[in-house]
Enquirer: 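Encoded as structure tokens, here's the structure I'll be asking about.
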Amino acid sequence: MIEITLDGQKVEIAEGSMVMHAAEKAGTYIPHFCYHKKLSIAANCRMCLVEVEKAPKPMPACATPVTNGMVVRTRSDKAIKAQQSVMEFLLINHPLDCPICDQGGECQLQDLAVGYGGSASRYQEEKRVVLHKDVGPLISMEEMSRCIHCTRCVRFGQELAGVMELGMVNRGEHSEITTVLGDTVDSEVSGNMIDLCPVGALTSKPFRYAARTWELSRRKSVSPHDSTGANQIVQVKNNRVMRVLPLENEAVNEVWLADRDRFSYEALNGDERLTTPMLKQDGQWIAVDWQTALEYVANGLKQVRDEHGAASIGLLASPHSTVEELFLAGALVRGLGSGNVDHRLRHAQFAAPEGVRWLGLPIAALAELQGALVVGSNLRKEHPLYAMRVRAATRRGARIARIHDRDDDWAMALAASSLVPAGQWAQALADVATAVAQAQGGSAPAAGTATDSAKALAAALLSGERKAILLGNAAAHHANASTLLALAQWIGQATGASVGYLTEAANTVGAQLVGALPDAGALNAGQMLAGGLKAAILLNTEPVHDSAAGAAAAQGLGRAEMVVTLSPFKANMEFSDVLLPIAPWTETPGTFVNAEGRVQSFHAVVKPLGETRPGWKVLRVLGNLLGLQGFGQESAAEVLAAARGADHGQPLVQGERLSNRTSAAIDVAAAAGTPCTAPIYELDSIVRRAESLQLTADGHAGRATRVATAGQGAQRREEVAA
């Protein structure tokens, strides 16, 4: 540590830090545009000029290293005049169109111009004009004349997104930020460039001209999509979600959001929202009141139980549902006498887990890894914010290896990559185990060959201290999932690496914690989808799109006498008999448990649309109509307390419950079938209906995949059932 004097205050700061870092530690604000704590230093806006004693001219605080005994003045006449001169230059070519700018009210240039700008310009020359660019459906580059060339967007793409989609061309007043070849910006985290832009050059295309920032109410929430549990600020006007921004949480999402988290709100205001209960009568859907719909469901469930037994009733739930919804849904079905409850719709193997499958380490630790082996995951598209942390680890020298069946571009350097069919992943892991055993002079748990590829994969785990084996969505859904986990556990123990699942959905861990799994001897999701039910309750899921059965799910569920769908959207209308409109995450309080086991509760940010009701309330009323015990809760907090086991004072997440242990026998025989995974914008019912996301390159690819695989559902269903 060294000591400097900053505006008369002694500040201790680590050697190698910049003056800007010392100012942040001291709580001193220095105006700036190009500097950002998460990006490399560019020093090209010059707004942070300060006076350094004995220096002949003002120095940029962001790029001036501290030295012992340095004296810095940030508010001296010399510093202020330098900052005012820079502001004057920045405004020479700025269009000064604040009245129509979407950034108005939250613009750094606007704010600093008040303190450092003049009331009139000395320059009479014509302002430069930069032509607009069309870079896709998410980011608007219509007013690039506003750009001040801070290059935050360029550095974000290079350093954090891993893809340099924007760059600066030309020199002097002809400089401009562009895609060069006129391409679109297709990164799965591109929306963060909007947040980073300190002016109104990059703005949100879906939000464009929709509202002024001072008209919006700001409310905290949690993303309902992947297992990161990204913290959000949801901005609301007139009881309508207008925009979603990141809420800083270093332990979870830092200051970033994936585009899926940022733009999916469009679906909440779409035409496919279900706003009133509906019944199918003589093949026609009619709107009814809640009392009629709920009594119809309750009487139908009682009739099926009386005629076919409780074991003919089952629940298929989305792992994107809240803890409260999943807990009450499970209690409802079990209260009727059935144990047919499952959230594992995309799985091909349904072995009872020994403990709760989770990440195996804190999310923040992903950025500190020195080595990792990822099995069965397109990390970049399935878990964009995890990929950003792992990418940061590779920049520090981490060795990342993977076993997968596709050569997906992860936008990061890989130390080794083994691309083999999914059915051979178990053998590939057995080969890695053999390579590890040979390196350590031991014996492997299964027959394998220490090929050059296996040795390269093993090398990622044989050195360093902070290492992990991460099983992706395809590994979790694999027909030989237990063997993959058993081999991963052996390799992890041999190399000192943690073993964990990236986990697919916002509440995959929470679903396990509250028992959204079949009881012993009960039907699993595969059996229920194959036609094993007389009455099916579908919670927040569309099995045709959300399950390994694909199109065959409609046939299997069509054999039931009654199918009840609880969804925010007009879903499953082909085979459902009742549609009950339940609230999406913005319209209901609830709780998600992310991949690291972090419990995050949130409140509703807008009132439910139309006759929509929170899912936990609908399930509670159904429980009461059925005369079941344990459905007297008056709030979501009471439901969460019941899920926690409040009578015994136990927390929802107990350390011993979070476990990836397995005692499964290892069988490396080739497995049939391809694991069912969802493209990035096909993951759940909300992102599938977000218009702007569907217009992206990934959205087009996802829909093409959905169409191409629709006819394969029957084949996958047969494989799963077998």
Enquirer: For residues Asn480 and Asp667, report the shortest heavy-atom separation together with the two atoms involved.
Expert: ND2-O, 2.7 Å

Enquirer: Test of understanding: with side-chain hydrogen bond (donor to acceptor under 3.5 Å, both in side chains), list the residues that count as partners of Asn378, not counting sequence neighbours.
Expert: none

Enquirer: How far apart are the closest heavy atoms of Val618 and Leu580, and which atoms are they?
Expert: CG1-CD1, 4.0 Å

Enquirer: With a 4.5 Å limit on heavy-atom distance, are the side chains of Val234 and Tyr265 in contact?
Expert: no

Enquirer: Under 3.5 Å, which donor-acceptor pairs do the side chains of residues 533-540 form with other protein atoms, sequence neighbours left out?
Expert:
none

Enquirer: Listed by chain and number, what are the salt bridge (Lys or Arg N to Asp or Glu O under 4.0 Å) partners of Arg598, not counting sequence neighbours?
Expert: Glu596

Enquirer: Just to verify, what does Glu587 make a side-chain hydrogen bond (donor to acceptor under 3.5 Å, both in side chains) with, not counting sequence neighbours?
Expert: Arg273

Enquirer: Could you tell me if Asn231 and Gln600 have a donor-acceptor pair between their side chains, going purely by distance under 3.5 Å?
Expert: yes

Enquirer: What heavy-atom pair brings Met528 and Leu557 nearest, and what distance separates the two atoms?
Expert: O-CD2, 4.3 Å

Enquirer: Side chains of Ser576 and Thr565: any donor to acceptor distance under 3.5 Å?
Expert: yes

Enquirer: For Tyr386, which residues count as a ring pair (Phe, Tyr, Trp, His ring centres under 6.0 Å) partner, sequence neighbours excluded?
Expert: His383

Enquirer: So, using side-chain contact (heavy atoms from CB on, under 4.5 Å) as the criterion, who are the partners of Asp405 when residues are at least two apart?
Expert: Ala422, Trp425, Thr674

Enquirer: Parallel, tilted or perpendicular: which fits the ring planes of Trp585 and His225, with parallel below 30° and perpendicular above 60°?
Expert: perpendicular

Enquirer: So, using side-chain hydrogen bond (donor to acceptor under 3.5 Å, both in side chains) as the criterion, who are the partners of Thr591 when residues are at least two apart?
Expert: Glu324, Ser601

Enquirer: Could you list the residues that satisfy salt bridge (Lys or Arg N to Asp or Glu O under 4.0 Å) with Asp684, not counting sequence neighbours?
Expert: none

Enquirer: For Ala446 and Ala430, which heavy atoms make the closest approach, and how far apart are they?
Expert: CB-CB, 4.2 Å

Enquirer: Could you pull out all residues at least two apart from Ser482 that satisfy side-chain hydrogen bond (donor to acceptor under 3.5 Å, both in side chains)?
Expert: Gln349

Enquirer: Please list all pairs passing the side chain to side chain donor-acceptor pair (under 3.5 Å) test where one or both residues lie in residues 627-638, with sequence neighbours left out.
Expert: none

Enquirer: My understanding is that only residues two or more places apart in sequence, or in another chain, count here; which of them pass salt bridge (Lys or Arg N to Asp or Glu O under 4.0 Å) with Asp698?
Expert: Lys381

Enquirer: State which residues pass salt bridge (Lys or Arg N to Asp or Glu O under 4.0 Å) with Asp226; sequence neighbours excluded, sorted by chain then number.
Expert: Arg260

